[in-house]
Amino acid sequence: MRRIQLPEPPSPTSRSGTPDIFESGVHTFVRRAIVIGNGFAASENQSVGLVRALGLSDKHVLYEKKLVPLPSENGVGAGLLAVLEADVKEIVSFARETYEKEGPLLVVACGRDTISTASSIKRLASENAFVVQIQNPRLHLNRFDMVITPKHDYYPLTPEGQKQVPWFLRSWITPRDPPDCHVVLTMGALHQIDFSSIRSVAASWHDEFAHVPRPLLVVNIGGPTRNCRYGVDLAKQLAASLLSVLASCGSVRISFSERTPQKVSNIIVKELGSNPKVYIWDGQGHNRHMGHLAWADAFVVTADSVSMISEACSTGLFMFWELSIANGSSLNSTNH
């Protein structure tokens with residue numbers, strides 16, 4: 001497995017500083033990309049983070065949506081998704097027609113819903129496109145030029161747990177170790193947070209945060225998942241833990257995600273909403289998430305979201321707090 005150093009944006013007249021993964025014949029850098037989204041912000045954030053790290057601005061990137069909610073019937077959501085496939089033929093034609101002038105087309109997809117589209121582009125335009133699949137496709141990883149996946153997603157089971165998997169399922173569940181050379185394992189999730197973006201965001205949110213009493217503790221609360229279940233008990237413990245550290249904080253800012261259960265947010269608001277040190281964002285107006293990342297002195301992050309934890313780590317803070325559900329709810333400090 002090779003380390004890949006992402007370059008500064010290349011100039012039109014220079015080919016220096018380009019990662020060797022994109023070398024293709026006489027072309028040595030990528031000038032444009034297509035991001036295939038699945039309709040979920042968390043997945044698309046990873047794809048956009050990658051192409052921006054490669055130096056591609058929005059004017060060089062096309063965005064293809066793949067999933068949209070079906071309209072509701074009689075005021076009730078249908079609970080299904082209409083599959084609006086990104087046009088594979090159109091993307092393949094675009095890659096072929098522009099190859100001689102522009103070089104290989106970078107195609108970045110994230111999430112299981114995008115696997116079939118991305119792999120089809122790879123199959124039909126293997127000489128004209130470089131296809132990157134983010135998150136573990138589980139099967140036939142050689143369908144892509146590169147697979148980028150967090151370690152926890154690539155190794156879903158402990159070695160002892162893998163031994164308990166029936167032999168006919170092992171090729172799907174048990175990953176190859178070590179991974180093939182085109183598989184890149186990351187410690188967390190890809191995202192758009194880096195030193196440059198933090199500086200820019202800090203400046204844009206200066207008027208709102210410059211006079212906030214410090215230290216500023218930011219609390220990001222997600223929602224329960226299959227591997228991280230919580231509810232009222234966690235909300236009560238989180239509220240109690242935050243009340244116990246309020247004396248050492250200048251201010252606390254709390255945000256909920258779209259996945260946060262109403263019963264969890266209600267308890268947090270009831271226990272902390274009237275405290276003058278606490279501000280709870282109600283979801284109205286501009287999303288303050290980026291401002292919080294830029295101005296926070298410490299974080300509390302629920303353990304259900306690898307993306308939120310990864311973003312907090314990337315701010316450069318020495319310490320943040322992760323709300324762990326694994327062996328009983330607790331606030332655990334993590335050096336960074």
Side-chain angles (χ1 to χ4, degrees), residues 37 39-49 52 58 188-224 230 234-235 238-239 241-243 245-246 248-323 331 334 336:
F40 297 102
S43 296
E44 293 171 6
N45 182 49
Q46 298 190 52
S47 298
V48 175
R52 287 186 175 173
D58 285 343
L190 301 184
H191 51 77
Q192 301 183 51
I193 308 303
D194 58 21
F195 181 72
S196 176
S197 64
I198 285 293
R199 288 186 60 184
S200 176
V201 169
S204 62
W205 285 95
H206 176 273
D207 291 346
E208 177 164 342
F209 288 96
H211 303 293
V212 171
R214 313 301 286 267
L216 168 60
L217 174 64
V218 167
V219 182
N220 292 330
I221 303 175
Y230 58 85
L234 174 82
L238 174 57
S241 298
L242 291 175
L243 286 169
V245 300
L246 273 180
S248 61
C249 297
S251 55
V252 177
R253 286 189 164 233
I254 301 174
S255 295
F256 304 110
S257 78
E258 295 178 351
R259 298 183 296 106
T260 307
Q262 189 69 41
K263 59 185 178 182
V264 171
S265 59
N266 286 346
I267 290 174
I268 299 297
V269 171
K270 178 182 177 181
E271 297 295 328
L272 296 162
S274 60
N275 192 296
K277 283 189 173 184
V278 178
Y279 171 85
I280 300 177
W281 184 51
D282 60 4
Q284 302 300 313
H286 294 294
N287 191 328
R288 290 163 172 77
H289 178 62
M290 292 296 289
H292 289 166
L293 289 173
W295 284 89
D297 296 299
F299 293 94
V300 170
V301 184
T302 53
D304 55 276
S305 175
V306 176
S307 292
M308 289 197 302
I309 295 172
S310 300
E311 289 176 338
C313 288
S314 295
T315 61
L317 292 181
F318 175 74
M319 180 176 291
F320 73 98
W321 296 83
E322 174 190 357
L323 189 61
L331 287 174
T334 303
H336 171 51

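Along the sequence shown, residues are numbered consecutively beginning with 1.
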Between [Y] and [X], is there a side-chain heavy-atom distance shorter than 4.5 Å?
{"X": "Val278", "Y": "Leu246", "result": "yes"}
{"X": "Ser204", "Y": "Met290", "result": "no"}
{"X": "Leu242", "Y": "Ile254", "result": "yes"}
{"X": "Val212", "Y": "Tyr279", "result": "no"}
{"X": "Asn287", "Y": "Trp281", "result": "yes"}
{"X": "Leu234", "Y": "Val264", "result": "no"}
{"X": "Val201", "Y": "Trp295", "result": "no"}
{"X": "Thr260", "Y": "Thr302", "result": "no"}

Give, for atom NE2 of His286 and atom CD of Glu208, the distance between the pair rounded to the nearest 0.5 Å.
10.0 Å
Determine whether more than 12 heavy atoms belonging to other residues, nucleotides or ligands lie under 6.0 Å from atom CZ of Arg199.
no
Name of the residue among His191, His289, Gln192 meeting side-chain hydrogen bond (donor to acceptor under 3.5 Å, both in side chains) with Glu311
His289
Asp194 versus Ser196, side-chain donor and acceptor atoms under 3.5 Å
no
Using ring-ring contact (aromatic ring centres under 6.0 Å, His included), reason through His292 and Phe209 one step at a time and then give a plain yes or no.
CA-CA 9 Å; His292 289 166; Phe209 288 96; 5.6 Å; yes
If you take all heavy atoms of Ser307 and Gln46, which pair is closest and at what distance?
OG-NE2, 4.3 Å
